[in-house]
2 protein chains.
Amino acid sequence: MPNPPAGKNPIGEHRIVHNCEACAVRDLALCSGLEGNELDDLERIVTRIALEPGRTLFYEGDEARNVFNVTSGAIRLYKLLSDGRRQVTGFMLPGDYLGLSVHGIYAYCAEAIGETHLCRFPVKDLNQLLDAYPRLEKRLLGMTRDELAAAQDQMLLLGRKSPVEKVASFLLDLCGREERLGEDEIDIVTLPMSRSDIADYLGLTVETVSRTFSRLKTEGVIDLPESSRIVFKERDKLEELAEGMI
Amino acid sequence: MPNPPAGKNPIGEHRIVHNCEACAVRDLALCSGLEGNELDDLERIVTRIALEPGRTLFYEGDEARNVFNVTSGAIRLYKLLSDGRRQVTGFMLPGDYLGLSVHGIYAYCAEAIGETHLCRFPVKDLNQLLDAYPRLEKRLLGMTRDELAAAQDQMLLLGRKSPVEKVASFLLDLCGREERLGEDEIDIVTLPMSRSDIADYLGLTVETVSRTFSRLKTEGVIDLPESSRIVFKERDKLEELAEGMI
DNA sequence: TAAAACCGTTGATTTCGGTCAATGCGGATT
DNA sequence: AATCCGCATTGACCGAAATCAACGGTTTTA
């Protein structure tokens with residue numbers, strides 16, 4: 001049963017009727033801490049929205065009125081320097097939570113990569129729920145803690161890994177996340193994002209990313225049937241590469 | 001009134017008698033969320049420890065039994081690759097909280113830089129307190145959120161900034177933190193860490209860090225009366241450099 | 001249907017930061 | 001005072017990744 005759109009607002013978001021109980025990411029997202037009437041209270045404050053490819057959800061510096069949970073598609077988070085250099089700080093997949101703010105201001109920009117669906121929670125309402133349901137707050141703390149740990153892994157990658165190590169780490173990480181989402185095609189990763197997104201995530205240029213993919217293909221470590229599909233031919237080799245053991 | 005040591009254990013930690021009410025970082029640390037008898041409960045589970053320079057507090061992968069709050073000195077957090085490459089993920093100063101764990105395992109190594117004092121909280125006991133005092137949990141969430149935001153700034157630095165931009169950002173950041181700690185010497189930063197710590201924090205080599213300091217000195221942006229003291233001669237210039245506006 | 005725009009790949013060239021090496025400097029030890 | 005040691009600095013050189021450029025394939029637009 002598809003979610004029927006319930007109207008389109010001026011900035012290109014589609015509101016959608018939805019049911020949390022039946023949600024695909026129910027066990028991954030913020031809501032996983034809740035059940036029964038707790039979930040009803042959460043459902044009362046949520047709005048489901050859809051974003052078309054390339055649509056900006058919010059900018060760094062905007063007043064942070066909402067937090068979001070991805071239910072389908074993918075979002076890129078990024079920061080910009082004044083001359084346009086970009087650092088992608090994360091890719092948010094179904095189940096992931098976004099909307100980090102400091103002093104009520106978003107800490108990064110968020111853009112849809114492909115067609116993307118999200119749950120939107122007004123911060124004001126959510127804060128009240130947090131007080132009522134400690135389990136929800138625990139869940140939020142847990143998700144923030146996990147994201148901090150991932151950010152520190154990314155620092156190691158950005159500061160000290162070579163291009164091959166970066167690309168290998170990235171592919172394995174994405175593979176692990178897709179597996180956790182129930183992708184059963186083992187050893188195949190689908191890349192929702194462009195080479196330039198990957199480059200800006202890994203602190204490289206598009207050319208270097210492309211050359212590294214080609215090199216891994218030539219060496220027989222991966223296969224590239226299409227530019228957005230990666231097949232792991234030698235996963236152990238890839239894992240060794242990712243940790244700098246070669 | 002100094003804190004009298006109360007005995008030294010086999011691994012080189014000194015336990016210390018202490019009073020939270022009179023603590024210097026009372027308003028910065030975890031405890032800032034509490035007052036009165038709440039603070040008493042926290043005090044009941046805390047142990048004050050002292051570390052001599054270079055002492056390891058815990059390793060990445062250790063079972064995470066405690067979390068810590070720095071009260072004086074400085075701690076470096078870092079991750080290692082198998083061949084010894086190191087990424088320093090953060091410097092923890094008085095008021096900062098450390099002990100991030102995923103699945104009950106520490107996510108990084110923690111080492112004292114100089115003589116350092118900390119409050120140690122057993123995770124088990126702290127979790128009970130978190131349930132009893134929501135404000136404490138809010139405080140923890142807030143501190144984790146701030147650290148995540150800082151980690152994302154650091155990703156931008158590591159992935160997209162040039163050496164000068166990295167060093168300038170680092171100096172300004174450290175200056176801001178020392179000011180918040182009540183350092184009243186405006187425009188003077190004292191570096192508790194070595195050049196190699198800085199290099200491993202910024203994703204550079206010692207040589208490049210050293211050359212960049214020298215270059216900034218030659219250009220009259222900073223002064224370097226000693227290798228661990230930085231005087232800002234032209235703060236605006238430094239701020240422009242940090243954001244890549246030159 | 002042609003033109004344009006975009007994306008990914010590959011090649012040639014350049015450059016910035018890493019590597020290697022030598023020296024200086026201050027504090028600790030004898 | 002003399003030696004040593006770790007840390008910081010400086011110089012010379014080199015190489016890996018950035019930059020610049022071109023091309024093929026696909027999608028979008030006119």
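The basis for the numbers below is simple: all heavy atoms, side chains too, and nothing from hydrogens, waters or symmetry mates.
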For a quick check, tell me whether the side chain of B/Glu226 and the base of C/dC25 share a donor-acceptor pair closer than 3.5 Å. no

Let's test your reading of the model: under 3.5 Å, does the base of D/dT19 pair with the side chain of A/Arg211 as donor and acceptor? yes

State which of C/dT9, C/dT10, D/dA8 makes the closest approach to the side chain of B/Arg195. D/dA8

Side chain of A/Thr208: nearest nucleotide among D/dA18, C/dG8, D/dA8? D/dA18

Could you check whether any side-chain heavy atom of B/Leu174 comes within less than 4.5 Å of a side-chain heavy atom of B/Met193, counting everything from C-beta outward? yes

Checking contacts here: which listed nucleotide (C/dG17, D/dA18, C/dG18) is nearest the side-chain heavy atoms of B/Thr205? C/dG18

Do you know which of B/Glu226, B/Glu178, B/Glu185, B/Arg229 makes side-chain hydrogen bond (donor to acceptor under 3.5 Å, both in side chains) with B/Thr190? B/Arg229

When we call it a touch if two heavy atoms are under 4.0 Å apart, what does B/Ser194 touch: a base, just sugar-phosphate, or nothing? sugar-phosphate

Just compare C/dT9, D/dA12, D/dT9 and give me whichever is closest to any side-chain atom of B/Ser227. D/dT9

Assuming nearest nucleotide by heavy-atom distance, tell me which of B/Val164 and A/Ser196 is located more 5' along DNA chain C. A/Ser196

Have a look at A/Ser210 and say if it touches a base, only the backbone sugar-phosphate, or nothing, with a 4.0 Å heavy-atom cut-off. base

Within 6.0 Å of CZ in B/Arg65, more than 12 heavy atoms from elsewhere: no

